[in-house]
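Each ligand, and each atom within it, is numbered from 1 in the order the structure gives. The figures here come from the full heavy-atom set of this structure, side chains too, leaving out hydrogens, waters and symmetry mates.
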Amino acid sequence: MKLKYLGTAAAEGWPALFCNCEVCTNARKVGGKELRTRTQTLINDDLLMDFPPDTYMHAVRSGLNFSKVKSVVVTHSHMDHWFPVDMIHRHEHFAHNTPGMLQVYGNEAVEKSYYEAISIDRFKVHPLDEAVKFNLLKPFDKFETNGYTITAIPADHDKRENCLVYLVEKDGKTIFYGHDTGIKMSEEAWAAISAKHLDLITLDCTMGLKRIDGYHMGLADIEEVVERLTKAGAIDDSTVKVINHFSHNGGLNHEQLDAWAKERGMLCAYDEMEVEI
Ligand SMILES: [Zn+2]
Ligand SMILES: [Zn+2]
Ligand SMILES: [Zn+2]
């Protein structure tokens with residue numbers, strides 16, 4: 001499988017829209033890898049993990065044609081992961097010569113905001129029934145989509161909805177896609193994640209130097225997760241370990257996060273980074 005990190009920031013972006021902190025000021029000055037859009041990952045050319053408001057920019061910036069995308073798997077309804085109103089543009093009126101149905105997967109909050117977004121007045125004349133199919137997921141659901149086997153794992157995140165992280169399997173390889181979550185997932189969730197050898201793990205690193213009581217992870221949590229999964233036999237030296245979904249509030253810039261990751265044999269994601277497993 002090939003992964004392309006289309007965006008690698010938390011909700012506020014990097015630099016954050018209205019912020020003058022050191023990390024954001026440095027990002028505006030330096031540019032390049034110090035600039036991050038909201039988190040989204042393309043697997044091969046046909047599976048999108050999350051659908052943030054920067055999805056349009058990601059397609060244009062990376063020269064991608066999202067008519068090839070067959071499935072969109074959404075982690076939760078936070079705005080940096082789910083911008084449902086753009087789904088209307090999959091209708092034939094805006095998407096010519098794009099046959100087939102786009103399969104979208106998500107929890108009940110993602111479903112609710114999807115139907116709200118596509119039923120606002122302007123779009124009533126363009127029903128999506130022929131173009132987009134919404135598939136509701138519950139924790140621990142395992143499903144097949146376009147040759148991928150995906151398992152929904154309950155995250156440690158916003159308790160108002162069933163936030164999900166995912167195991168994605170194809171061609172004998174397995175990815176753990178862990179954005180957004182804190183470290184305090186249930187024992188059942190950890191058991192499901194540890195049940196097989198993981199070829200790539202991509203972990204929430206929103207908090208950087210800080211540590212909070214669940215919801216998101218920081219660098220200290222990343223070290224604990226790597227230790228836990230290594231002990232469980234789920235990861236080893238062959239596993240690609242990626243940190244991702246960064247906030248300026250974590251206190252480190254990309255160069256510093258990258259140095260931290262390199263010291264530990266990990267990858268620090270940046271926008272348009274590609275990894276193949
Ligand atoms: Zn997020
Ligand atoms: Zn800032
Ligand atoms: Zn979130």
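Seen from the Zn ion (ligand 2), atom SG of Cys24 and atom SG of Cys19 lie 120° apart in angle, a value rounded to 10°. With the Zn ion (ligand 1) as the vertex, NE2 (His81) and NE2 (His245) define an angle of 100°, rounded to 10°.
Under 2.8 Å from the Zn ion (ligand 3) lies no N/O/S atom of Cys163, from backbone or side chain alike. Residue His76 counts as close to the Zn ion (ligand 3), with an N, O or S atom under 2.8 Å.
Within Asp180, OD2 is the N, O or S atom that lies nearest to the Zn ion (ligand 1). Within Asp80, the N, O or S atom at minimum distance from the Zn ion (ligand 1) carries the name OD2. The N, O or S atom of His248 with the smallest distance to the Zn ion (ligand 2) is ND1. Taking the N/O/S atoms of His78 in turn, the shortest distance to the Zn ion (ligand 3) belongs to ND1.
For the side-chain contact (heavy atoms from CB on, under 4.5 Å) with Thr181, the qualifying choice from Met217, His76, His216 is Met217, the only one to do so.
Using a 30° and 60° split on the angle between ring planes, Trp82 and Phe134 fall in the tilted class, from 30° to 60°. A tilted orientation is assigned to the rings of His93 and His91, their planes being inclined by 30° to 60°.
Between Glu187 and Arg228 there is a salt bridge, since a side-chain N of the basic residue sits under 4.0 Å from a carboxylate O of the acidic one. A salt bridge is defined here as a Lys NZ or Arg NE, NH1 or NH2 lying under 4.0 Å from an Asp or Glu carboxylate O, and Arg160 with Asp158 meets this definition.
Aromatic ring centroids of His245 and His81 lie under 6.0 Å apart.
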